[in-house]
Amino acid sequence: MKQPKADRRPFSVDRRVGAGMFAVALALFVLTAGRTVAPGYPADALWARLGDEAPLSVLHPLWGGAVRLLDRIPGITAARAVNLFSALCGAACAGLLGALMGRVRYRGLLVDGAPDRFVREWQARRLSGWVAGLYLAVSIQFWTASTRSLPDSFHLFLLLLA
């Protein structure tokens with residue numbers, strides 16, 4: 001008797017959840033990202049790293065290097081490039097979180113001997129990936145970090161890659 005597809009690969013990661021979450025979050029962040037730098041801390045942080053004699057930041061060295069590289073892209077302002085980079089990092093965070101939640105095992109769903117237990121676990125993994133990614137993408141703190149020239153989404157991206 002041929003087993004259903006879910007029984008043959010019960011613990012595979014559904015990468016489509018991560019890719020779909022990345023696409024949804026990228027569309028949200030790019031459409032709502034600012035074209036100029038936001039006043040306050042984002043402006044101070046960006047201009048502190050773009051001056052001719054600006055030292056490399058001790059607090060955010062990787063972010064400072066990325067800002068300097070993004071400033072060299074021709075045809076786009078530094079503020080817009082950094083905002084788009086933050087949006088890209090934020091979307092990658094939402095996609096990675098969705099993919100990571102797709103790896104979480106729900107052992108309680110496998111205890112009973114129901115024939116659809118693997119299908120239920122697959123559905124639970126997929127649902128948890130979408131919910132976690134969407135929750136991160138639409139939370140006001142993370143949305144603000146992903147649509148402004150702030151290093152927060154970049155730092156979370158590095159943390160999720162680790």
Side-chain angles (χ1 to χ4, degrees), residues 11-51 54-109 120-162:
F11 301 115
S12 66
V13 177
D14 192 345
R15 296 185 194 281
R16 291 177 293 176
V17 172
M21 195 60 248
F22 172 78
V24 168
L26 185 64
L28 172 72
F29 295 149
V30 167
L31 291 175
T32 59
R35 299 195 187 284
T36 60
V37 67
Y41 176 71
D44 296 341
L46 182 63
W47 301 133
R49 287 166 180 77
L50 289 178
L56 195 57
S57 173
V58 177
L59 187 57
H60 308 291
L62 293 175
W63 176 254
V67 167
R68 287 177 185 235
L69 287 176
L70 291 169
D71 185 36
R72 295 182 182 167
I73 297 175
I76 188 170
T77 64
R80 182 68 174 153
V82 174
N83 285 346
L84 290 175
F85 181 67
S86 289
L88 183 69
C89 289
C93 289
L96 282 172
L97 183 64
L100 286 173
M101 288 305 295
R103 290 179 172 222
V104 175
R105 293 183 66 181
Y106 297 97
R107 295 176 191 243
L109 295 174
R120 287 187 299 166
E121 184 188 13
W122 178 78
Q123 290 171 343
R125 287 177 176 212
R126 196 167 186 181
L127 181 65
S128 68
W130 276 105
V131 168
L134 282 174
Y135 185 79
L136 180 68
V138 300
S139 67
I140 191 68
Q141 294 88 358
F142 190 72
W143 175 83
T144 301
S146 297
T147 57
R148 308 285 192 278
S149 55
L150 295 170
D152 301 334
S153 61
F154 179 68
H155 291 166
L156 184 60
F157 174 67
L158 292 178
L159 182 65
L160 285 171
L161 279 181

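The first residue in the sequence is number 1, and the count goes up from there. Atoms considered below: every heavy atom in the structure, side chains included; atoms not considered: hydrogens, waters and symmetry mates.
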Side-chain atoms of residues 18-27: list all donor-acceptor pairs with protein atoms under 3.5 Å, sequence neighbours left out, distances to 0.1 Å.
none

Which pairs would a plain distance check flag for residues 130-144, meaning a side-chain donor or acceptor within less than 3.5 Å of a matching protein atom at least two apart in sequence or in another chain?
from, atom 1, to, atom 2, distance (Å)
Ser139, OG, Leu136, O, 3.1
Trp143, NE1, Thr32, OG1, 3.0
Thr144, OG1, Ile140, O, 2.8

For residues 85-96, which side-chain N or O atoms pair as donor and acceptor with protein atoms under 3.5 Å away, sequence neighbours left out?
from, atom 1, to, atom 2, distance (Å)
Ser86, OG, Val82, O, 3.2
Ser86, OG, Arg148, O, 3.1
Ser86, OG, Leu150, O, 3.4

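How far CZ of Arg125 is from CZ of Arg103: 9.5 Å, rounded to the nearest 0.5 Å. Separating the CG atom in Leu156 from the CG atom in Leu160 is a distance of 4.5 Å, to the nearest 0.5 Å. Rounded to the nearest 0.5 angstrom, Ser146 OG and Leu84 CG are separated by 12.0 Å. The OG atom of Ser149 lies 11.0 Å from the CG atom of Leu70; values are rounded to the nearest 0.5 Å.
Partners of Thr147 by side chain to side chain donor-acceptor pair (under 3.5 Å), not counting sequence neighbours: none found.
When all heavy atoms of Ala78 and Asp71 are compared, the pair lying nearest together is CB-OD1, 3.3 Å.
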